[in-house]
Colleague: 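I am attaching a structure below and will ask some questions about it afterwards.
All values reported here derive from a predicted model rather than from experimental measurement.
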Amino acid sequence: MKKTGFVYHELYTWHDTGNYAGFMAPGFPLQPGMHNEHPETKRRFKNLLDASGYIDNLHLIKPREATEEEILRFHTVDYLNRVKEMSVGSGGDAGELTPIGHGSYEIALLSAGGLISATDAVMAGTVDNAYVLNRPPGHHADADQGRGFCVFGNIVIAAKHALANLGVERIAVVDWDVHHGNGTETAFWEDPRVMTISMHQDNWYPQGRGLVTDVGEGKGEGYAINMPLPPGSGTGAYEAAFDRVVEPALRAYKPDLIFVASGFDASAFDPLGRMMMHSAGYNSLTTKLMTIADDLCDGRIVMAHEGGYSPYYVPFCGLSVLEALAGHKSGVEDPYLDFAAGMGGHELQYSQDQLLKQAEEVVQRYHGTK
Ligand code: 9RB
Ligand code: ZN
């Protein structure tokens with residue numbers, strides 16, 4: 001059993017992404033509708049924790065707002081002011097497909113700050129590990145603009161806080177969201193203090209990013225690792241990616257702290273991904289990561305919620321990850337699991353194996369391990 005911190009705030013669900021048609025800005029011929037990154041999916045994750053009673057196994061951590069100074073460790077002043085102005089007014093777009101509603105600025109500060117609160121608690125040993133169920137998400141955000149629904153780079157900001165104030169020297173970020181963790185990667189592209197590992201659907205979003213040959217530059221060369229997996233990848237591919245690439249890279253790097261960009265949009269039921277993960281798969285990846293983290297950094301893992309757009313399935317993936325983190329079963333069975341696990345093609349496929357061979361070579365080349 002572990003003491004697992006959980007960060008949530010009602011205001012996270014008040015970030016208003018408006019009337020987009022899915023992820024497209026509305027306007028003829030796109031009928032206005034609902035944005036994919038709407039509050040309900042994340043609220044239903046929290047609701048399942050409440051309804052099942054599992055919330056009582058978690059140590060609740062109150063998020064605070066990140067300070068302007070903390071945001072500016074990553075973002076430009078211009079960008080911060082732009083978000084603030086839109087948020088005081090009636091909203092707008094913070095860059096590329098990143099809706100800002102009235103009041104979204106403060107909520108984005110609370111989203112980044114929630115990750116800081118969780119990181120502080122894990123580093124202080126108040127909890128063993130933590131999950132932050134925050135929105136807006138963060139892993140696509142650039143220094144000078146929002147991207148792909150992400151306003152501020154939540155993990156980047158928490159990592160910079162940990163490096164500056166918590167005596168942390170090496171951080172690993174494992175991103176299992178179905179999209180590439182471009183914002184986090186760019187932030188530390190030339191920085192060996194943070195190893196970024198992204199597993200994502202090949203060339204989905206942002207396109208042209210996250211190639212297996214993208215490895216970082218300058219002092220950061222070899223500290224960015226990318227696995228652009230083919231569409232259709234299931235638990236076999238994800239588990240092999242962990243065993244063959246994530247584990248050796250982490251064991252060679254020996255981080256003091258591990259962040260996870262935890263999107264559930266690689267699930268079999270996600271409208272914005274074409275992968276086949278399921279709740280038991282996420283439980284297995286979490287368990288693998290915990291074994292590694294126990295060996296390397298006293299189990300210190302901080303997970304930040306990112307994408308995941310099936311309102312019906314995300315709660316079961318989330319609960320399953322928390323069950324692993326806390327080392328305690330909820331007794332709730334995932335009603336979709338048999339169906340998802342029964343789909344064809346979960347075993348590692350030839351094309352997936354070929355990609356993993358290339359990623360293994362990257363780890364081998366820079367970190368001398370297999
Ligand atoms: C479109 C573009 C997007 C942007 C972001 C996502 C998902 C993000 C996520 C999906 C599609 C561009 C429609 C660029 O869940 N991250 O974790 N679409 N992007 N140009 N156009 C026309
Ligand atoms: Zn995503």
Side-chain angles (χ1 to χ4, degrees), residues 139 172-182 184-185 195-216 220-255 258-268 270 273-278 280-293 295-296 306-307 317 321 340-341 343-370:
H139 72 149
V173 182
V174 178
D175 189 323
W176 67 41
D177 187 283
V178 82
H179 305 97
H180 178 239
N182 63 289
T184 323
E185 181 182 273
M195 170 181 271
T196 58
I197 306 175
S198 181
M199 43 213 301
H200 43 271
Q201 184 180 320
D202 185 21
N203 218 18
W204 179 179
Y205 183 80
Q207 297 196 344
R209 292 292 304 265
L211 281 69
V212 70
T213 47
D214 290 352
V215 295
E221 187 175 343
Y223 296 94
I225 293 166
N226 281 297
M227 284 170 275
L229 293 161
S233 295
T235 50
Y238 276 85
E239 289 181 349
F242 255 67
D243 295 342
R244 289 165 50 180
V245 180
V246 176
E247 173 158 8
L250 291 179
R251 289 198 185 277
Y253 185 61
K254 299 187 176 58
I258 300 172
F259 286 106
V260 175
S262 174
F264 295 123
D265 39 17
S267 94
D270 201 277
R274 290 295 171 269
M275 303 301 226
M276 297 202 305
M277 280 289 283
H278 52 54
Y282 285 113
N283 184 283
S284 157
L285 299 190
T286 306
T287 304
K288 286 177 188 292
L289 193 66
M290 288 173 70
T291 304
I292 302 165
D295 288 349
L296 300 179
E306 299 280 357
C317 296
V321 164
M343 290 177 174
H346 271 295
E347 324 73 50
L348 184 70
Q349 308 288 309
Y350 179 79
S351 59
Q352 299 158 1
D353 180 56
Q354 291 300 107
L355 182 274
L356 292 182
K357 283 202 170 93
Q358 294 180 62
E360 279 176 310
E361 276 169 30
V362 170
V363 176
Q364 176 74 34
R365 183 175 344 129
Y366 292 104
H367 306 285
T369 57
K370 251 197 136 106

Colleague: Taking the basic N atoms (NZ, or NE/NH1/NH2) and the acidic carboxylate oxygens, is any pair closer than 4.0 Å for R251 and E247?
Modeller: yes
Colleague: Quick one, N182 with H139, criterion side-chain hydrogen bond (donor to acceptor under 3.5 Å, both in side chains). Give me CA distance, side-chain angles, the key distance, then yes/no.
Modeller: CA-CA 7 Å; N182 63 289; H139 72 149; over 6 Å; no
Colleague: How about Y238 and M275: do any of their side-chain heavy atoms sit closer than 4.5 Å?
Modeller: yes
Colleague: Do N203 and P228 have side-chain heavy atoms sitting under 4.5 Å apart?
Modeller: no
Colleague: Show your working on side chain to side chain contact (heavy atoms under 4.5 Å, CB included) between I197 and L250 and close with a plain yes or no.
Modeller: CA-CA 9 Å; I197 306 175; L250 291 179; 4.0 Å; yes
Colleague: Taking the side chain as every heavy atom from C-beta outward, state whether V321 and N283 have any atom pair closer than 4.5 Å.
Modeller: no
Colleague: When you compare the side chain of L355 with that of M227, does any pair of heavy atoms fall below 4.5 Å?
Modeller: yes
Colleague: Could you check whether any side-chain N or O of S233 sits under 3.5 Å from a backbone N or O of L229, counting only pairs where one atom can act as donor and the other as acceptor?
Modeller: no
Colleague: Pair Y366, V215 - check side chain to side chain contact (heavy atoms under 4.5 Å, CB included), show working.
Modeller: CA-CA 9 Å; Y366 292 104; V215 295; 3.7 Å; yes
Colleague: Determine, step by step, whether I258 and L289 satisfy the side chain to side chain contact (heavy atoms under 4.5 Å, CB included) criterion, reporting the C-alpha distance in whole Å, the side-chain angles of both residues, the deciding distance to 0.1 Å, and the verdict.
Modeller: CA-CA 9 Å; I258 300 172; L289 193 66; 4.2 Å; yes
Colleague: How far apart are the closest heavy atoms of A266 and W176, and which atoms are they?
Modeller: CB-O, 4.3 Å
Colleague: Within the distance-only criterion (no hydrogens, no angle test), does the side chain of D177 pair as donor or acceptor with the backbone N or O of G307 below 3.5 angstrom?
Modeller: yes
Colleague: Among Q207, E185, H200, Q201, find the residue that satisfies the side-chain hydrogen bond (donor to acceptor under 3.5 Å, both in side chains) test when tested with H180.
Modeller: E185
Colleague: I'd like to know if the side chain of D265 and the backbone of V178 have a donor-acceptor N/O pair within less than 3.5 Å.
Modeller: yes
Colleague: Begin with the C-alpha distance, continue with both residues' side-chain angles, and end with the deciding distance and a verdict on side-chain hydrogen bond (donor to acceptor under 3.5 Å, both in side chains) for T235 and H346.
Modeller: CA-CA 6 Å; T235 50; H346 271 295; 3.3 Å; yes
Colleague: Can you give me the closest heavy-atom contact between L356 and A237, atom names plus distance?
Modeller: CD1-O, 4.0 Å
Colleague: Show the nearest heavy-atom pair for residues S267 and C317, with the distance to one decimal.
Modeller: CB-SG, 4.4 Å
Colleague: Tell me if a side-chain donor or acceptor on S198 pairs with a main-chain N or O of G181 at a distance below 3.5 Å.
Modeller: yes
Colleague: Would a 4.5 Å heavy-atom cut-off, applied to side chains only, mark L211 and D202 as touching?
Modeller: no
Colleague: Decide yes or no for Q352 and Q354: does some side-chain heavy atom of the first lie under 4.5 Å from some side-chain heavy atom of the second?
Modeller: no
Colleague: Of all the heavy-atom pairs spanning H367 and G222, show the shortest one and how long it is.
Modeller: NE2-O, 2.8 Å
Colleague: Should D353 and R244 be marked as a salt bridge (Lys or Arg N to Asp or Glu O under 4.0 Å) after you check the CA-CA gap, both sets of side-chain angles, and the distance that decides it?
Modeller: CA-CA 10 Å; D353 180 56; R244 289 165 50 180; 2.8 Å; yes
Colleague: In chain order, what residues pass the ring pair (Phe, Tyr, Trp, His ring centres under 6.0 Å) check against Y205, with sequence neighbours excluded?
Modeller: H140
Colleague: Taking it one step at a time, do E239 and S284 satisfy side-chain hydrogen bond (donor to acceptor under 3.5 Å, both in side chains)?
Modeller: CA-CA 8 Å; E239 289 181 349; S284 157; 2.7 Å; yes
Colleague: Does any N or O in the side chain of N226 come within less than 3.5 Å of the main-chain N or O of D214, such that one atom is a donor and the other an acceptor?
Modeller: yes
Colleague: Which atom names give the shortest non-hydrogen contact between G216 and A224, and what distance separates them?
Modeller: N-CB, 3.7 Å
Colleague: Taking the six-membered ring for Trp and the full ring for Phe, Tyr or His, determine whether the centres of Y253 and Y223 are under 6.0 Å apart.
Modeller: yes
Colleague: With side chain to side chain contact (heavy atoms under 4.5 Å, CB included) as the criterion, how do E360 and Q358 come out once you've worked through the C-alpha distance, each side chain's angles and the decisive distance to 0.1 Å?
Modeller: CA-CA 5 Å; E360 279 176 310; Q358 294 180 62; over 6 Å; no
Colleague: With a 4.5 Å heavy-atom cut-off, do T196 and D175 have their side chains touching?
Modeller: no
Colleague: Looking at every non-hydrogen atom in both residues, tell me the closest pair between M199 and A241 and how far apart they are.
Modeller: CE-CB, 3.5 Å
